Amino acid sequence: MIPSLPRPAIQRYGLAAFVGAFFVFLFVPLVVVAVFAFNNADYPTPPWMGFTLDWFFADSDSRTGLLHDAELLKAIGVSAWVALWVTVLSVVVGTCNAFLLERFEFPGKSAVALLSMVPLVIPGVILGISILAFASRIANFADATWGLELEFLRPGLPLVILGQFSYIVTIATLTISASLRRFDRTLEEAAFNLGASRAAVLWTITLPYLRPSMIGAAAMAFLMSFENFNTTLMLVGSDAPLTVLMYGRMREGATPVLNAVSLFLMVASALLAVLLMWRSGRAPRPKAA
Amino acid sequence: MDVAAHRRWMLLFLLAPALLWLGGLVVLPHVELALLSLQARVGPGQYAASLDQYRTFVDEPLYWNTFVRTAVMSVLATLFTLLLAFPAAWYIAKVAQGRLKMVMLVLCLLPFWVSEMVRTLGWLILLRETGVVSGLLQATGLANQPVELLYHDATILVGLVYASLLFMVIPLVNSLESLDDSLIEAAYDLGGSTANIVRRIVIPHAAPGIAAGSIVVFMLCLGNYLTPTLLGGKDSLWFTEQIYTQFITRFNWNQGAAFGFLLLFLSSLLVWAGLKLTGQRFGAVMKAS
Amino acid sequence: MTIAPAVTAAAAADRAGAYDLQIQTVRKRYGAFAAVDDLSFGVRSGSFFSILGPSGCGKTTLLRMIAGFIAPDAGDIVIKGQSMQGVPPNRRPVNMVFQHLALFPMMTVGENIAYGLERRGVKGSTAKTKVTDMLRRVGLPGSEGKRIDQLSGGQKQRVAIARSLVLEPALLLLDEPLGALDLKLREHMKVELKQLQAEVGTTFVYITHDQSEALVMSDQVAVMNHGRFEQLGSPQDLYYQPQTAFVAGFVGHNNRIEGQIETRNGDQVLLRTGGGLGLWAQRVGAVDQGQTASLFIRPEAIEIGRSPRELPAGEPAWSATVQAVLFDGGNSTVQVQEARTGTPLQIALPLTGRLADLRAGETVHFSYQPSQAWCFAA
Amino acid sequence: MTIAPAVTAAAAADRAGAYDLQIQTVRKRYGAFAAVDDLSFGVRSGSFFSILGPSGCGKTTLLRMIAGFIAPDAGDIVIKGQSMQGVPPNRRPVNMVFQHLALFPMMTVGENIAYGLERRGVKGSTAKTKVTDMLRRVGLPGSEGKRIDQLSGGQKQRVAIARSLVLEPALLLLDEPLGALDLKLREHMKVELKQLQAEVGTTFVYITHDQSEALVMSDQVAVMNHGRFEQLGSPQDLYYQPQTAFVAGFVGHNNRIEGQIETRNGDQVLLRTGGGLGLWAQRVGAVDQGQTASLFIRPEAIEIGRSPRELPAGEPAWSATVQAVLFDGGNSTVQVQEARTGTPLQIALPLTGRLADLRAGETVHFSYQPSQAWCFAA
Amino acid sequence: QDKTLRLITWADYVPKDVMEQFTKETGIKVEVTLSNNEEMISKLRATAGAGFDLAQPSQDRIAGPQAEFGIYKPMDLSKIKSEQFIPSMLEATRLNTTVGGKVYAVPHIWGTDGLVVNTKTSKAADYTDLCAAENAGKVSMRLKRPTLIAFAFSMGKNPFALYSDAKAYGALMDDVGKALTECKKNVKFYWDGKDQLLAGMRSGELTTAMMWDTGGWGLNKTNPDIKFVAPKSGALGWVDTFALPAKGKNDEAAYAWINFNMRPEIAAKVATSAGNFTAAKGGDAGMDPVLKKQFADSFPEAALKNIKWYPAVPAGIEDIEGRVLDRIKAAK
Ligand SMILES: Nc1ncnc2c1ncn2[C@@H]1O[C@H](COP(=O)(O)OP(=O)(O)OP(=O)(O)O)[C@@H](O)[C@H]1O
Ligand SMILES: Nc1ncnc2c1ncn2[C@@H]1O[C@H](COP(=O)(O)OP(=O)(O)OP(=O)(O)O)[C@@H](O)[C@H]1O
Ligand SMILES: NCCCCNCCCN
Ligand SMILES: [Mg+2]
Ligand SMILES: [Mg+2]
């Protein structure tokens, strides 16, 4: 129970031990991945063959380290590009949605509100497939009817961006709505009363207030996009984001460079987390994760 | 401008992106999926309306079994996730203070920011016959020959639980944090035992959080693709895998669409039943997450 | 019911200079429910005007109509002689201090105060000077750089007022700004706010449900109930000459005794309670013999003593049994029951502490002057 | 400093029967900071005992030690003659009413009250009868089935108390239970709570920072500051015979005047302010000629009049200028400055409304009895 | 001119140095997407043949999907330097990939499906040995159509002969399905990505597997005990091709890549990287001698003759196989 209640030592230490074990469970897979990035072997699996930095720096015929693996580096670039767009779209549309759902009444609002949460519980594969199918139908139709090739509706990065956006925006919406709901509207009235125009109120009061939650939603969106696989798999074209590339490599020929890039991802996201925490003084916490 | 007119324009302005998103990326794609599922191939490149795809699902016990198996495993994974996440969430929400709490929250988030692929790679390194755990077991004399820990149903469960923890921990922490400590103290002061307080006070209070976490986790498990395919063995039938197979290796979009639709429908039914059983409402629950 | 300076649309024009605010038969309905019901009044330039009423009586609705956040269904609001019809809130020469102050947490104190100036295009050193000057006037010199959450409750209060006053509004509207403060601080801020208003000379329209705030600070108080004004006058008027039973009950503590008018003698009436107690009082309004009525008498208007000799001579006296002594220092009261009829009464104990040792069960004697009791038609 | 019924461990045994609670040199430190500092006192069976002190003085810490949520660093807590060392909170014969009540929102009123009974194995009709009975006693008959959020603030209050009382604890601990209520309701609940305690006869230990609550309700009040009791006594003791400057300043309103002791005459001393005003007062504690000291005199202990003739004869009188009249009905005061030295003073206006028409700038005269003023070493 | 070539192909078919050389010579950058037959077809189906400029499906999987989905465009054979190809292979591929009188592919790399055996721990010589009790728990295969066909042959049937008779083919597949279901207890896992299988063989977790020859030869280099064995009932011969997606945007680059790849010295490099043999004339000359030796070891004269080459897959066959595969997967 809570610290203010006396608890038997066994309960106290039991809980602490459990939580310790919990975090070990959480981190062991990551730790082994990271450790095997330094394995002096050609495969990302045991046994341990000694220490090497080859998988970061090598550029020989037999070994290509992360820094020289053009394909991998490009995939990171692609992922970042996709994530950037998904982030911008999700935060912008999420903010609009938050205002729509928190500030306006309109017929069918509850349906819209409910529907906007649904993407969270649609399996990613199905989301990907349905968007793929729908997009192909439109593209085929345009092609057949007007001879118009709508390339962005064919598997490729635009569709990947749309697919990821379709559910990540739900998370952004929930996060920003929650913050907007806590917002004291008299602050807006006060600004208005002090002579601000509507636009000025939005710009100087409401958006600055929402900024932390928008930054949090953006971080979340970026990371979720970066790590997405299920939806992306169905929608990729010739440019492979990192996860898809890694999947391909894992099936068709992996080296510990996969571990190296994983370690890079861990360090990058840890840095992002620290940055967010340091800026906001609070752990970034997604709504509905 | 007149205030009411201004609000109407704002409403339209905000409604547009929401409707584009929900219509273009959620509703219509699923309508397309539904339409696809109601067609069957009658000749090369020719399709006609038909219930064949659904008939297949009914006639061929294999698919129905796969679905049941997927659902049962997902329910189990959800339960285990809840059992595992609850004490940890309790510790984070109620026992840990200040910095520690923040750090623990971030530690929970980190593994989920690196991709699912990386985490699965970690499990592969750990659990394979020649992997780290097997090696440790042999080194400590707990096993006298290599142990294959991959390719069992239990392995899938471990993988699923692992992949789901965050999505349970965050809503639980959110809802437990909102539980006033003095309610627990009051119950204790009135003679409540730990078990009774958990049952009468904590669980009823955290119910929306538990439901939210459980729904999201259940749907995530059900929709997972990587974990069952990579960690699961020769018997690891997973429904999303069937969908993927139909779409990708059988080129049978119609069948795949029907499966997708059935997954969506049957899982929604399960979630709905779960909510009814525990007297919760979807909208409220998702807001709590 | 008489509303002292009731302003008709016609009369308004003549006296516009004297009034910073004129409310002309303003009405606001929510469905069939009238939150503000055809209200008219004027607020004189430079005065501290309070609107006092119970929760839900329509105070906030009225204030927000003046500020422009709500449009009246009917009637007009005239500020400094200008009709406010169609003028949006950000163009009205009024500023508002909100109940929870609504300070911008993302800005410093200085930025909060400069906010309105910047919106008017006042920037740079002019704005800076104004902010510095304003902070000095509210007793917070040099606080520009502080964050809002570094301020105490009373300091926040002053910043909120400064933020509005720096715009030199014709009218400052305050919506229960002391509500969120704790008791001791509220006592203190009451005095301070009154002083501040006297110094800056801006017209204040202040709403509250706390009668003590209204009485202590205001030049004029309007007592509001169900969307209408029951009485408008100086604090002393309200306290010593309530015009309605509602005002008598709402402003200050009061014993309320129900009964029937037995006799009338000029402006004095004799009320007989159900239990048979007969009490004389001033008659207010048209209450007369045979009617049921309510008699009000303040706990501190009743003289009390251990023996009848301690009471002023010449007034009828009663004996009573002490039910409970509510000792509260200078605000102590006793709850007594009149000996013969059991009528319960609350009587203030003398400030001197003379009867501080009274105990429950003791017999006491009391009397009062009929001129300090009022009788209203029930 | 004298703590009236200070209980030493030895003496405790004899008188155990008379005390429901004995605190014996209990101490709690957080780091170097003593939240509760070697405190000893006893609470008599059946009494209403209040602990009054400013925020952060250690009240909650003390109460939570009694309830068992915090273990003292030293000392013992004895309830009904039983040492509570090592007894967990759920085994102590005390129950607690929490500041925010901590009613279980997931249960009905009836379930809330039955919760503790069920934990003791009291079920079915016995429990039901007890719940019904308890609800009747707190004035909420028939509310078993209501949800918590259907109750008003005052009703919640009563349910919280009922939930504890139904367990018939030896001691009921209340941590500022009225803090969250609004002013009018708080006034009302004060009286109601006192009556309830008198009816049920359970010993109440009540903590608050609101002196009016403590004075009105309690049999005994302990004034706490910095983890220690400044004074323990009846409300009247505290009000009329404060033992320390802190008590004099904290309990009731007071004018505080600093100066040096010029003369001592038995128990009376003459304090001379920096401005040269000489005032006589009771000396409290060891303050003597030449020392700097603080003089306290309550606003209502000062007589005021427009002419010296209105003042009681025989006491020295001063003239003063009115700075502001704070009209507040029966609680009206004036702020004056003594004419010669400018010393500011707050003086209560007579309850009769005699001086209700005073205006700022008028000259008034005032006097007081030195026996009603106290002087403490500064 | 467009400066990139978007290529969807198999792992190891585009060695780094070949790609760099191509870019250096032509200024065209090559973007590679790794895939397999099914995914290649699916992807192109979803894009209606857009998104890639060149694909490399196996020759047996071209005619059917082309008829169904129209995802390829005909090859302009005049742009191909046909003299670089082994004529018999070019001709065989032409025959198998002609739809409506148009040719859709040219051959690139060929190889076989057979058994990879760790000769120290396993004596397997035919597909059916995968189901022998002594190999229980140590074998792997793919749950895909080659496995069905291989088992049909090892059961003494000729599935290719039944391609045109859906009913008979179905009956045969049912039998094969039963046998494979029987066999399931022996299987450690059904492999999907080749890496999974290679890791299993390398670590000794597996002793026998059905796989491409190239996998066996690759393993043989580091562990001589592991050999590729042409099964008694015959290895299955496949040819991977070059085909042009219907909406490829850079045909010029695609033809350039094909002609470049079929140059003997380049073909040799590619074949070495893939561990297979090339359809380029003279490509063998420049190939790794080790690989040649491995090939000779695995394919004695008789075995070479006994290779069963996949004919084009008619539409509908895959449905029958799919159902059987699903049943095997689902069986306990
Ligand atoms: N938007 C609205 N729709 C319907 N009724 C409303 C609305 N706003 C206010 N009311 C009603 O109008 C009445 C007056 O409300 P108002 O807020 O002006 O009261 P108030 O005097 O400020 O009360 P308080 O002291 O509690 O702030 C209330 O009964 C309230 O319920
Ligand atoms: N866990 C703790 N760690 C450190 N200091 C504490 C802790 N709990 C309380 N304190 C300190 O002990 C002092 C007494 O706290 P306590 O809560 O008893 O005050 P209180 O009299 O109840 O105040 P309030 O009227 O504000 O409730 C405070 O200064 C507080 O900061
Ligand atoms: N059924 C056709 C199999 C084609 C295999 N191509 C294998 C390429 C291996 N690198
Ligand atoms: Mg209001
Ligand atoms: Mg406290």
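Since the structure is predicted, the reported quantities are computational estimates derived from the model, not experimental observations. Worth knowing before you read on, the calculation uses all heavy atoms, side chains too, and leaves out hydrogens, waters and symmetry mates.
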Participant: Is it the side chain or the backbone of A:Y247 that comes within 4.5 Å of chain B heavy atoms, both, or neither?
Facilitator: both
Participant: Side chain of A:S225, backbone of A:A221: donor and acceptor closer than 3.5 Å?
Facilitator: no
Participant: In terms of heavy-atom pairs under 4.5 Å, which option from A:V118, A:V125, A:T243 contacts chain B the most?
Facilitator: A:T243
Participant: Less than 4.5 Å to any heavy atom of chain B: does that hold for the side chain of A:F104, its backbone, both, or neither?
Facilitator: both
Participant: Could you have a look at B:H30, B:R119, B:K94 and say which one has the most heavy-atom pairs with chain A under 4.5 angstrom?
Facilitator: B:H30
Participant: Chain A heavy atoms under 4.5 Å from B:L20: which part of the residue, side chain, backbone, both or neither?
Facilitator: neither
Participant: Can you tell which part of B:L36 gets under 4.5 Å to a heavy atom of chain A, answering side chain, backbone, both or neither?
Facilitator: side chain
Participant: With a 4.5 angstrom heavy-atom cut-off, which part of B:R7 approaches chain A: side chain, backbone, both or neither?
Facilitator: both
Participant: For the atom pair OG1 (A:T173) and CD (A:E102), what is the distance rounded to the nearest 0.5 Å?
Facilitator: 10.5 Å
Participant: Which bit of A:V121 comes within less than 4.5 Å of chain B, counting heavy atoms only: side chain, backbone, both or neither?
Facilitator: both
Participant: If you round to the nearest 0.5 Å, how far is OG1 of B:T240 from CZ of B:F247?
Facilitator: 13.0 Å
Participant: Side chain, backbone, both or neither: which part of A:F222 has a heavy atom under 4.5 Å from chain B?
Facilitator: neither
Participant: In terms of heavy-atom proximity below 4.5 Å to chain B, should A:V93 be classed as side chain, backbone, both, or neither?
Facilitator: side chain
Participant: Considering only heavy atoms and a distance below 4.5 Å, find which of B:V118, B:L19, B:L33 pairs most often with chain A.
Facilitator: B:V118
Participant: Given a strict heavy-atom distance threshold of 4.5 Å, which part of B:V271 is in contact with chain A: side chain, backbone, both, or neither?
Facilitator: neither
Participant: For the residue pair B:W272 and B:F218, is the inter-centroid distance of their aromatic rings smaller than 6.0 Å?
Facilitator: no
Participant: What part of B:V31 lies closer than 4.5 angstrom to a heavy atom of chain A: side chain, backbone, both or neither?
Facilitator: neither
Participant: Using non-hydrogen atoms and a 4.5 Å limit, figure out which bit of B:L22 sits close to chain A: side chain, backbone, both or neither.
Facilitator: side chain
Participant: Relative to chain A, which segment of B:V95 carries a heavy atom at a distance below 4.5 Å: side chain, backbone, both, or neither?
Facilitator: both
Participant: Can you tell me which of B:P29, B:G223, B:C108, B:A93 forms the most heavy-atom pairs within a distance under 4.5 Å of chain A?
Facilitator: B:P29
Participant: Check whether B:M168 gets within reach of chain A through its side chain, its backbone, both or neither, counting any heavy atom under 4.5 Å.
Facilitator: neither
Participant: Measuring heavy-atom distances to chain A, does B:W253 have an atom under 4.5 Å in its side chain, in its backbone, in both, or in neither?
Facilitator: side chain
Participant: B:E116 and B:T227: side-chain donor and acceptor closer than 3.5 Å?
Facilitator: yes
Participant: Side chain, backbone, both or neither: which part of A:S177 has a heavy atom under 4.5 Å from chain B?
Facilitator: neither
Participant: With a 4.5 angstrom heavy-atom cut-off, is it the side chain or the backbone of B:L25 that approaches chain A, or both, or neither?
Facilitator: both
Participant: Once rounded to the nearest 0.5 Å, what's the spacing between atom CG of A:L120 and atom CD1 of B:I215?
Facilitator: 10.5 Å
Participant: Please classify the contact of B:L11 with chain A as side chain, backbone, both or neither, using a heavy-atom distance under 4.5 Å.
Facilitator: both
Participant: Select one option (side chain, backbone, both, neither) describing which atoms of B:Y188 are under 4.5 Å from chain A's heavy atoms.
Facilitator: side chain
Participant: Report the option among B:Y225, B:Y91, B:W123, B:Y162 that has the most heavy-atom pairs separated by less than 4.5 Å from atoms of chain A.
Facilitator: B:Y162
Participant: So, B:W238 versus B:Y244, ring centres under 6.0 angstrom or not?
Facilitator: no
Participant: Pick one of side chain, backbone, both or neither for A:I138, based on which atoms fall under 4.5 Å of a heavy atom in chain B.
Facilitator: neither
Participant: Report the distance from atom CD1 of B:I184 to atom CG of B:D189, rounding to the nearest 0.5 Å.
Facilitator: 13.5 Å
Participant: Does a side chain donor of either A:S136 or A:N140 reach within less than 3.5 Å of an acceptor in the other side chain?
Facilitator: no
Participant: Side chain, backbone, both or neither: which part of B:L127 has a non-hydrogen atom closer than 4.5 Å to chain A?
Facilitator: neither
Participant: If I measure from the heavy atoms of chain B, does A:V92 come under 4.5 Å with its side chain, its backbone, both, or neither?
Facilitator: neither
Participant: Can you tell which part of A:F99 gets under 4.5 Å to a heavy atom of chain B, answering side chain, backbone, both or neither?
Facilitator: both
Participant: Which atoms of A:M266 come close to chain B, meaning under 4.5 Å heavy atom to heavy atom: side chain ones, backbone ones, both, or neither?
Facilitator: both
Participant: At what distance, to the nearest 0.5 angstrom, does CG of A:N228 lie from CD of A:Q164?
Facilitator: 4.5 Å
Participant: For chain A, find which of B:P87, B:A18, B:G260 contributes the most heavy-atom pairs closer than 4.5 angstrom.
Facilitator: B:P87
Participant: Between B:L220 and chain A, with a heavy-atom cut-off of 4.5 Å, which part of the residue counts as in contact: side chain, backbone, both or neither?
Facilitator: neither
Participant: Relative to chain A, which of B:V132, B:T130, B:V27, B:L15 shows the most heavy atom pairs under 4.5 Å?
Facilitator: B:L15
